[in-house]
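Notes follow once the structure below has been shown.
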Amino acid sequence: MPGTVMEPTAKSVSKRKRQEHGDESKKRRKSGGGESDDRKSQIKKLESEILESRKHYNNIVALVAFAKERSENPKHNLAAAEALCRVFISLLALGNLVRREDASEKEATVTAWLRDRLSEYHEALCAMMREEATAVKAMVLAMALVKAEALHMSDKGEAFFPQAFFSDLVAEILRSPFDQLREEFVDKFLNNYEDIRFYTLQAIPAILDGSDEDVKQSVQSNVFDLLVGLHNAPASSDDLEEFYVDPPKKKKHALLSLSQHKKRAQDAWLSLMQLGLDKEQKKKALEIMATSIAPWFTKPELLMDFLTDCYDSGGSTSLLALSGVFYLIQERNLDYPLFYTKLYSLLDADILHSKYRSRFFRLLDTFLASSHLPAVLVASFIKRLARLALNAPPSAIVAIVPWFYNIFKKHPLCTFMMHRVPRTKEERDRLETEGMDDPFLQDEEDPMETRAIDSCIWEIVQLQSHYHPNVATIAKIVSEQFTKQSYGLEDFLDHSYGSLLEAETAKEVKKPPVVEYMIPKRIFTKTDSIEEKDSLLVSLWDFGSS
Amino acid sequence: MAGSQLKRLKASLKDQGIIGPQQSKKQKRKNALDAKANSDKRLNRSEALEGIREQFNPFQFKTNARGPKFDVTTSKPANDRAARGINGRPGLAKSIGEEKRRQTLLAEMQRRNKVGGLVDRRFGENDPTMTLEDKMIERFTREQQRNHKKSSLFDLEDDDEPSEGFLTHGGKAILFGDAEGVQDDFAEEDLPSGDESDGSHAEKRRLKRLRLEQTEEEESAEEDGQPERKKTKKEIYEEIIAKSKLHKYERQAAKEEDGELRAELDKALPELQSLLFQRPKPQSKDAEDGNAPVIIAGVEKTVLDKEYDVRVKQLAADKRAQPAERTKTDEEKAKEESKRLKELEEKRMKRMRGEADESEDEEMEDDEPVPAGKGTSNIHAERMAMIDHGDDDEFGLGEGIKLRPTATELGFDDEDDFLIDDDLVASGSDLELDSDEYGSEQEEEDSEQESDSDDDEFTKGLLTGNESKDSAFQIPADRKGDDKDGVPYTFPCPQNHEELLKTFQGIEVTKLPIAVQRIRALYHPKLDSRNKERLGNFSHALIQHVAYLGNSFEPHWFPTLESLLRHIHSLAKTFPIEVAKGYRTCLQEMEKERPLALSVGDLVLLTGIGTTFPTSDHFHQVVTPAMLSIGRYLGQKIPQNLADYATGTYLSILALQYQQLSKRYVPELINFCLNTLCSLAPRKPTEKLGSFPVHQPAPGIRIQGAVRNPLRKLTCADCQPDHVASLNPEEATTLKLAIVSTAASILKSAADTWHKHAAFSETFSPATLVLSHLLTTQNKAHLPVPLTTKLQDSVAALSRLLALSRLARRPLELHHHRPLAIRTYVPKFEDAFDPTKHYDPDRERAELAKLRAEHKRERKGAMRELRKDAAFMARENLRAKKVRDEAYEKKYKRLVAEIQGEEGHAANEYAKEKALRKKKR
């Protein structure tokens with residue numbers, strides 16, 4: 001029992017002590033620099049005076065001046081700003097800044113004067129946000145002020161969001177070169193409060209339009225980062241719950257409707273996209289297009305231009321745009337002319353080596369899943385991929401062949417590519433005497449015209465003797481009986497040299513491996529006798545033994 | 001049927017012909033003569049009797065009162081026992097059960113509440129704290145003590161022999177050395193014969209009793225006439241003793257007589273033997289000599305016997321002359337050798353196709369590589385299925401043999417050459433001098449090698465030559481010091497790479513093979529059991545050392561590296577797992593630390609793997625990862641400088657060499673070579689030349705103005721980035737030319753290797769395009785003439801092969817499979833349907849029902865048995881009680897009668913007395 005009794009007292013004692021210590025240390029710091037000490041106490045004094053009586057309102061001017069003042073010590077600015085913040089919040093709470101109709105002329109002048117000072121303070125805060133040392137603090141102060149203003153500025157007894165000041169604030173944040181500031185803003189406010197996001201998004205188009213040429217680039221990329229960092233769109237209006245300022249009571253208010261939120265986001269994105277994105281940004285945007293961007297759009301059709309542009313640009317950008325385009329086709333009934341031709345053109349030399357390979361294959365599987373596609377077209381895809389497989393890494397071949405199997409199952413007409421018996425005697429004779437060329441036209445761009453259906457997949461047959469045993473065995477499934485319904489593609493997609501090697505080396509050697517029974521006489525040196533042939537290595541390489 | 005039971009019996013006997021009217025003598029004789037008929041008749045007779053017996057005892061069968069039910073539904077024969085409706089023989093079953101209970105339950109009942117059985121009272125038997133030794137010693141002492149106590153002075157029987165159940169060791173009694181002296185001198189002879197000697201105690205007791213009775217009878221007979229006088233105990237015992245001694249003496253005399261007779265026979269035996277075998281035997285003489293002492297004293301006889309036994313044993317153990325293997329002619333040897341090589345080649349081909357040996361099947365299954373991921377199991381299963389009927393032509397196996405001449409084609413001379421040439425001993429060492437001195441040892445070694453050649457059949461032909469020579473068993477281990485090359489004769493066996501570096505410090509690199517050889521000889525597995533492990537570790541370290549040497553190589557080291565690699569190869573035959581593990585750890589390290597920046601050491605290691613292990617195998621624990629590493633470098637490396645190109649070129653050659661036999665396709669090789677050619681070409685190709693991915697070359701890589709530069713081969717130095725960076729522009733250009741020319745050669749040999757593949761033209765038409773791109777006028781202007789002619793050659797060769805492959809191309813016909821059977825849904829009919837059976841299509845349910853029925857049946861049976869047991873016990877108890885009661889009643893009655901008798905007597909007495917008194921009065 002004594003222990004429990006003692007504890008709180010001990011705590012309070014220590015707390016007190018800490019406070020004392022804190023005070024002491026502050027004092028000490030103050031005493032360290034006489035001038036700063038003066039300024040601190042001065043600020044304190046001015047602040048307390050303002051709160052004491054209306055007579056001292058003029059002190060505000062001095063404080064604002066302190067806050068604006070450019071000095072080496074940013075602490076003073078901050079201290080002044082903090083003091084001002086406290087002053088204004090209390091003034092706002094008292095209702096001193098609210099214009100009342102019944103107010104006397106004198107009071108009206110005071111209110112007007114105070115309002116002017118407030119706007120001056122706003123400017124001061126914006127200026128402070130441009131300094132690295134004070135930026136974050138100033139932003140927090142400004143946000144506190146925003147809240148106070150929203151609550152007390154209007155006399156209607158309802159919160160009213162100070163949009164003008166807030167948009168200035170957002171503009172400042174977006175223009176600022178400090179990542180920390182933006183991160184703070186995004187983490188603390190943007191992603192937490194629905195209204196903050198709403199007004200921020202609302203402000204973005206104007207900011208993008210209004211910024212100067214020299215900062216435009218950075219603003220653009222900042223806006224991009226901010227938009228990319230947005231959390232997923234809420235599912236319905238009811239999910240809008242967290243508000244920084246009390247939400248308006250009116251049911252119909254824009255802040256309470258999801259579609260209005262989405263509209264703001266859409267506008268922000270569109271205004272950004274109108275300015276054009278660079279390649280990396282495009283890729284990034286495309287990667288999250290279907291998951292995070294499109295849901296924010298009320299009319300995803302508006303993304304069409306962007307997506308088709310990206311899709312047409314070729315290379316990995318097209319690959320990435322594919323999922324976006326597919327989203328539109330699927331959800332918004334987008335009619336993309338010559339979609340399959342375009343898709344076919346994506347199958348170029350690099351696709352099987354690209355890091356987006358598995359992503360692409362998942363989509364390709366979806367696109368060619370329909371059994372209503374003409375067999376000629378499907379055959380072109382098969383043949384093109386088979387060609388590419390000749391130069392592909394093992395991990396890609398491993399993915400392609402089971403996919404072929406599935407496609408062959410779905411489009412039985414294409415199975416002629418695996419099994420084609422010459423029908424007539426003339427045909428047989430001609431084959432006997434002349435052999436044959438591959439009828440497939442590799443350079444044809446239209447998948448309906450490639451004549452792939454008349455060709456055979458010799459390439460896969462060649463890969464049946466691939467150097468990697470697993471790849472070779474997988475390639476053999478095309479010449480086996482098609483008894484399995486289909487292969488689960490996911491099992492084959494995500495392989496790489498690393499994973500294949502890992503699988504090989506992970507196993508312990510338990511059984512003694514077979515050793516070549518003949519010890520070769522020569523490995524690096526040339527043979528002396530004429531009968532024996534040098535190994536390939538020795539004949540093509542110089543090991544210094546000449 | 002009318003009549004009494006007896007009449008009916010008579011009638012049926014008559015019916016069966018068992019009794020009948022009397023037969024005449026003639027008939028009887030005839031019947032007797034006809035033996036066969038007789039035996040038949042007897043059989044018939046017994047059968048008939050059995051039938052009659054059954055017929056006349058209707059209660060011994062349990063029958064179905066109404067006969068069988070639904071007899072139309074069963075397929076059983078009508079005259080079957082079950083069909084006739086006989087379900088069991090209750091009388092028989094009951095009597096069997098009763099008998100069984102009498103044997104088991106009754107015995108138990110009677111034994112109840114009675115203690116019995118065996119108690120193990122051997123000393124220390126249940127004491128786990130004692131060791132076996134202690135127990136035995138203690139038991140022996142106790143026995144001795146007991147015997148000592150027991151052996152009373154007058155115990156005649158017991159001093160013949162220790163008591164029954166005495167301790168033995170190895171079947172002989174344990175006796176002290178002086179025990180023999182204590183024994184009676186006639187002890188041995190005294191025993192009647194071997195069989196009787198171990199007569200049990202009980203036997204002796206019986207004999208004793210008999211004898212006692214005998215003496216008593218005799219005595220009674222003797223002293224018949226004399227007045228009966230009770231003898232004192234002492235007299236009796238004296239007589240007994242005298243008698244037994246007399247008997248003993250008699251037995252002894254009889255035995256002696258027997259012995260004499262036997263000796264006589266023995267004496268005559270040699271003569272008999274000599275007559276039999278027609279030649280005198282030295283042994284017989286021995287026996288003759290030995291005969292005299294037999295008679296004189298037993299001791300010498302035993303010695304002789306012992307000697308004889310030893311001799312016999314020696315003779316039995318003598319190795320019989322084994323038929324020597326016929327010396328083979330050279331042709332036969334060669335044939336055998338070629339057959340062996342052919343077998344090996346067949347095995348290799350099997351492995352190449354991925355077929356497992358029957359014996360290795362299981363192991364193969366474990367070792368089969370399985371691609372990572374979830375669908376592995378089905379791939380695996382399918383692969384196994386595919387392997388079964390893999391089409392040979394798909395693999396291009398037909399040519400596999402052609403390019404590599406088998407031993408038959410090569411001729412055996414070549415193999416012999418190999419044997420002779422292939423000594424790993426470097427010339428210049430003075431081992432040859434020693435080898436003469438220790439020739440005999442060497443021969444021994446050789447023979448040993450041959451005898452245990454089973455453990456590695458490969459070494460037999462190929463390595464005996466080596467090992468006998470390379471092993472420096474010749475060098476005495478105590479001889480310290482260095483030879484003239486500065487290589488010490490003795491080494492510690494390095495167990496890891498650090499130790500190896502320390503050991504080989506100060507030895508010139510070119511002399512390393514000698515050092516390795518000496519280590520291998522000094523720590524030959526036959527010399528010490530631990531050497532196996534040591535050499536295993538050593539081979540691991542050696543592999544690391546080869547990579548280490550490769551990294552800081554000098555051109556003249558390559559013969560050394562070669563011989564070290566060959567040492568590793570030869571070690572791999574003895575320590576395949578260790579060497580494989582060594583290589584694999586190096587590969588793993590390579591993959592973890594520098595998958596795309598291979599050093600020269602890595603290249604040397606990869607080369608070593610390619611020669612040590614069969615690269616043609618479908619799957620190999622070492623080769624497959626090595627090949628993947630090569631593929632990874634070729635596929636993923638984007639060359640930044642000329643060294644990267646050179647390394648890639650080396651690896652391409654290596655990859656191609658790996659696939660020389662199996663002709664497996666390596667896509668990365670084509671990609672790399674074509675990319676290299678495109679990158680080094682003086683001008684960038686204007687259009688796409690093929691579907692290989694093209695990397696933009698780093699600036700300064702393209703060949704410019706090299707018309708006058710000489711054409712050379714690539715060297716390992718070109719693979720070192722530092723070296724390449726230090727080259728002057730002129731040398732760099734030469735290097736570029738070398739890379740281009742090598743790449744072109746690789747493409748050419750690749751085309752040779754893979755020209756049978758199905759998609760050859762698709763694979764190599766980009767190559768012709770690239771090569772002809774190099775031959776366009778604007779490119780040609782920058783290249784020297786020898787290179788352009790070489791390129792032209794390559795193009796020509798390629799286009800020839802392309803034309804050939806066009807001719808050989810046929811449409812694919814992969815699916816000439818047997819059509820799959822369509823599943824049938826026709827219901828299954830039972831041919832032999834039995835309504836009493838359940839035909840449940842659900843197998844599990846059917847089994848469950850079966851089990852349940854069995855359980856029910858068993859439970860019922862058990863309950864019935866228990867009930868019967870209880871009834872039996874009650875019956876037995878009652879019977880026992882009845883017996884007891886009866887006995888009591890009898891006793892009671894007897895007593896009553898006795899008393900009554902007495903009382904009657906007394907009454908009579910009384911009456912008499914009374915009458916007497918009356919009379920008197």
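By convention in this document, chain letters (A, B, ...) are assigned in the order of the sequence lines, proteins followed by strands, and residues within each chain are numbered from 1.
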If you count heavy-atom pairs under 4.5 Å between each of [options] and chain B, which one has the most?
options	value
A:Asp348, A:Leu493, A:Thr483, A:Val478	A:Val478
A:Arg420, A:Met436, A:Met417, A:Arg387	A:Met436
A:Leu352, A:Val471, A:Val421	A:Val421
A:Gly488, A:Ala349, A:Pro393	A:Ala349

Between [X] and [Y], what is the shortest heavy-atom contact and its length?
X	Y	result
A:Pro520	B:Arg566	O-NE, 3.0 Å
B:Lys573	A:Tyr517	NZ-O, 2.8 Å
B:His618	A:Thr473	NE2-OG1, 3.9 Å
B:Ile577	A:Pro512	CG1-CA, 3.5 Å
A:Leu390	B:Thr763	CD1-OG1, 3.8 Å
B:Glu813	A:Pro422	OE2-CD, 3.4 Å

Test item: [X] side-chain N/O and [Y] main-chain N/O as donor-acceptor pair under 3.5 Å:
X	Y	value
B:His569	A:Glu516	yes
B:His620	A:Val514	yes
B:Arg810	A:Leu431	yes
B:Arg806	A:Asp438	no
A:His353	B:Gln636	no
A:Gln462	B:Ala759	yes
B:Glu562	A:Ile523	yes
B:Asn671	A:Asn391	yes
B:His815	A:Phe416	no

Going by atom types only, do A:Thr505 and B:Glu591 share a side-chain donor-acceptor pair under 3.5 Å? no
Heavy-atom distance under 4.5 Å to chain A: side chain of [X], backbone, both or neither?
X	result
B:His556	neither
B:Ser749	side chain
B:Asp617	side chain
B:Tyr650	both
B:Arg712	neither
B:Thr607	side chain
B:Gln659	side chain

Could you state the interatomic distance from [atom1] ([X]) to [atom2] ([Y]), rounded to the nearest 0.5 Å?
X	Y	atom1	atom2	value
B:Thr715	A:Phe543	OG1	CZ	9.5 Å
B:Glu668	A:Tyr497	CD	OH	3.0 Å
B:Leu587	A:Leu501	CG	CG	8.0 Å
B:Ile653	A:Leu540	CD1	CG	4.5 Å
A:Gln464	B:His757	CD	NE2	10.5 Å
A:Glu459	B:Ser691	CD	OG	9.0 Å

Check your understanding: After noting the C-alpha distance and the side-chain angles of A:His468 and B:Arg664, does the key distance pass the side chain to side chain contact (heavy atoms under 4.5 Å, CB included) rule?
Key -> CA-CA 9 Å; A:His468 194 277; B:Arg664 299 211 177 86; over 6 Å; no
Given the rule in the side chain to side chain contact (heavy atoms under 4.5 Å, CB included) test, do B:His817 and A:Phe482 qualify, once you have shown the distances and angles that lead to the verdict? CA-CA 10 Å; B:His817 296 298; A:Phe482 275 38; over 6 Å; no
Flag the one option from [options] with the top tally of heavy-atom pairs under 4.5 Å to chain A.
options	answer
B:Leu656, B:Val694, B:Thr611	B:Thr611
B:Ser745, B:Pro595, B:Cys716	B:Cys716
B:Phe558, B:Phe613, B:Phe760, B:Trp754	B:Phe558
B:Ser741, B:Gly631, B:Pro766, B:Gly635	B:Gly631

Heavy-atom neighbours of A:Glu434 CD exceed 12 at 6.0 Å: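 Count over threshold, so yes.
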Worksheet item: Around A:Glu445, counting heavy atoms of other residues, nucleotides and ligands shown, do more than 12 lie under 6.0 Å from its CD?
Response: no
Heavy-atom proximity to chain B below 4.5 Å, by part of [X]:
X	result
A:Leu463	side chain
A:Ser539	backbone
A:Ala392	backbone
A:Pro394	both
A:Glu432	both
A:His466	both
A:Thr433	backbone

Check: B:Pro667 and A:Tyr467 side chains under 4.5 Å, non-hydrogen atoms
yes
Min side-chain heavy-atom separation A:Met518-B:Leu344 under 4.5 Å: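 Not touching, per the 4.5 Å side-chain cut-off.
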